[in-house]
Novice: 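Structure incoming, see below.
Being a predicted model, the structure only gives us computed values, none of them experimental. Order of listing sets the numbers, starting from 1, for every ligand and every atom in it.
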Amino acid sequence: MKSVRARASLPRAAAALLLLLAAACGEDHVSRYPQSTFAPGTEMAEIQIGLFNLTLYLGIAVGLLTFGLLGYIMWRFRYQPGAPEPQQVHGNTTLEVTWTLLPALIVAVIAIPTVKAIFDTQPDPPANALEVRVIGKQWWWEFQYPVNGDRDTIVTANEIHVPVGQPVHLKLYSDNVLHSFWVPQMGGKRDLITNRENHLIFTPREPGVYMGQCAEFCGDSHALMQMRLIAHTPEGFLQWLQNEASPAIEPVDSASAVALGRTLTVQGACAGCHVIRGTPMLGRQGPDLTHFGRRRTLAAGILENDAENLAAWIRNAPAIKPGSLMPQLGGGVPNGLTEEQISYIVAYLQSLQ
Ligand SMILES: [Cu+2]
């Protein structure tokens with residue numbers, strides 16, 4: 001009875017596994033697993049998934065062959081009472097040549113496309129490439145778009161905007177420890193190395209928002225170091241770039257919460273670490289906040305950019321992101337901001353569109 005039940009449950013388990021695989025590869029795959037490498041959005045990512053599939057299929061073939069042969073031999077030469085002693089063999093040249101050549105052949109089949117992929121995914125930067133400098137910070141991302149040489153460089157944080165159909169040339173740096181740039185659907189990863197310049201070149205195909213994450217352990221809040229890559233149509237990208245290039249919007253009504261927030265932000269604790277272009281704020285430690293209100297997220301992609309989260313972040317950033325260089329500014333800290341002051345700063349930062 002027991003063995004009948006066990007036999008019946010085997011096909012059921014296989015069917016469940018197939019269903020699971022089908023669900024994992026289905027239409028909503030990316031919405032369920034936003035950092036999936038199985039939905040390539042660039043040629044680079046496609047080359048990489050191709051290599052993965054090649055090694056996977058070869059591994060399955062070798063596994064089936066090995067365990068199949070093993071099973072057959074165990075069954076064919078099983079112990080039988082009264083059977084004669086098997087023939088005793090010492091060395092078999094044909095067998096040894098076969099099992100030396102076969103793995104060498106398999107390694108060659110994997111090595112040739114692998115070496116080709118290494119060269120294909122590290123081309124020289126094309127002449128029409130968009131150059132973006134990426135700086136790994138503790139623990140967030142700075143993105144710089146050089147304009148007019150370096151005179152009018154546009155600086156933003158945690159959301160990298162790019163056009164589709166144009167190669168993107170990332171120049172990667174770190175001002176602290178090692179990090180790794182990884183937006184799985186774009187391909188990657190590539191390390192950001194202290195005192196070195198590294199490169200990553202890819203061409204996004206479809207407009208959309210792609211999730212990314214630091215992929216090199218870098219300390220306390222490594223897991224909280226996310227980013228979003230936003231791929232626009234070429235026109236959409238130019239609009240974004242033009243808006244980013246403009247200085248911060250000044251409040252119109254000098255008695256408004258936004259204007260009170262501006263005064264607190266520009267003359268208060270924020271000025272030491274942040275830049276808001278068009279104001280006297282020149283701090284270079286933290287993210288550039290000139291168009292902060294337009295960002296979807298804050299704190300390196302871990303929180304929705306809304307009033308409640310922003311207030312919580314200003315109140316006590318290290319409570320949300322352990323080890324954060326942004327200090328606790330409210331929540332009863334001596335000489336800290338009051339809740340009213342925080343609400344004004346939030347209003348001002350949200351107005352920076
Ligand atoms: Cu990291």
Side-chain angles (χ1 to χ4, degrees), residues 30 33-42 44-45 48-49 52 118 121-122 131-145 155-162 168-202 204 209-231 273-275 283-289 292 295-305 309-310 312-313 316-328:
V30 177
Y33 309 103
Q35 292 190 178
S36 174
T37 50
F38 293 99
T42 63
M44 182 189 201
Q48 290 169 337
I49 189 72
F52 172 83
I118 289 171
T121 55
Q122 304 197 62
E131 186 185 308
V132 185
R133 288 198 290 258
V134 181
I135 297 120
K137 300 280 188 169
Q138 207 172 324
W139 288 269
W140 54 281
W141 305 88
E142 183 163 286
F143 301 112
Q144 301 180 351
Y145 297 74
V155 183
T156 186
N158 301 322
E159 290 178 5
I160 175 171
H161 292 250
V162 293
V168 180
H169 174 202
L170 301 185
K171 289 187 171 176
L172 307 161
Y173 311 88
S174 170
D175 76 350
N176 47 87
V177 296
L178 294 184
H179 300 280
S180 183
F181 183 95
W182 191 37
V183 180
Q185 285 184 266
M186 297 294 112
K189 327 154 173 165
R190 199 135 302 158
D191 281 5
L192 297 91
I193 303 165
T194 321
N195 298 328
R196 266 200 73 143
E197 183 180 272
N198 219 347
H199 302 264
L200 185 64
I201 296 160
F202 55 84
V209 179
Y210 300 91
M211 293 292 294
Q213 162 78 48
C214 176
E216 179 78 53
F217 180 68
C218 56
D220 290 11
S221 283
H222 160 65
L224 304 176
M225 188 172 167
Q226 301 177 3
M227 74 182 108
R228 277 164 181 73
L229 182 140
I230 296 140
C273 298
H274 295 279
V275 176
R284 293 290 302 129
Q285 185 90 339
D288 185 309
L289 301 176
F292 174 80
R295 292 186 201 144
R296 292 161 168 78
T297 57
L298 62 98
I302 60 171
L303 297 172
E304 290 290 317
N305 188 3
N309 285 337
L310 183 53
W313 178 252
N316 191 354
I320 296 170
K321 181 174 280 195
S324 166
L325 294 181
M326 166 117 171
Q328 179 177 358

Novice: By residue and atom, what protein N/O/S atoms are less than 2.8 Å from the Cu ion (ligand 1)?
Specialist: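 Those protein N, O or S atoms (cut-off: under 2.8 Å from the Cu ion (ligand 1)) are C214 SG, E216 O, C218 SG, H222 ND1.
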
Novice: Can you measure from CZ (R295) to CD1 (I230) and round to the nearest 0.5 angstrom?
Specialist: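 Interatomic distance, R295 CZ to I230 CD1, rounded to 0.5 Å: 10.5 Å.
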
Novice: Decide whether S180 and D191 meet the rule of one side-chain donor and one side-chain acceptor closer than 3.5 Å.
Specialist: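 A donor-acceptor contact under 3.5 Å links the two side chains.
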
Novice: Give, for atom CE of M44 and atom CD of Q122, the distance between the pair rounded to the nearest 0.5 Å.
Specialist: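 Going from the CE atom of M44 to the CD atom of Q122 covers 7.0 Å.
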
Novice: Side chains of L170 and F202: does their closest heavy-atom pair fall under 4.5 Å?
Specialist: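 L170 vs F202: side chains touch.
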
Novice: Using the ring of each side chain (for Trp, its six-membered ring), is H199 parallel, tilted or perpendicular to H169, with breaks at 30° and 60°?
Specialist: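 Rings of H199 and H169: parallel, as their planes differ by under 30°.
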
Novice: Is the side chain of N158 donor-acceptor paired with the backbone N or O of M227 at a distance under 3.5 Å, no angle test?
Specialist: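 No, the answer is negative, given that no donor and acceptor are paired below the 3.5 Å cut-off.
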
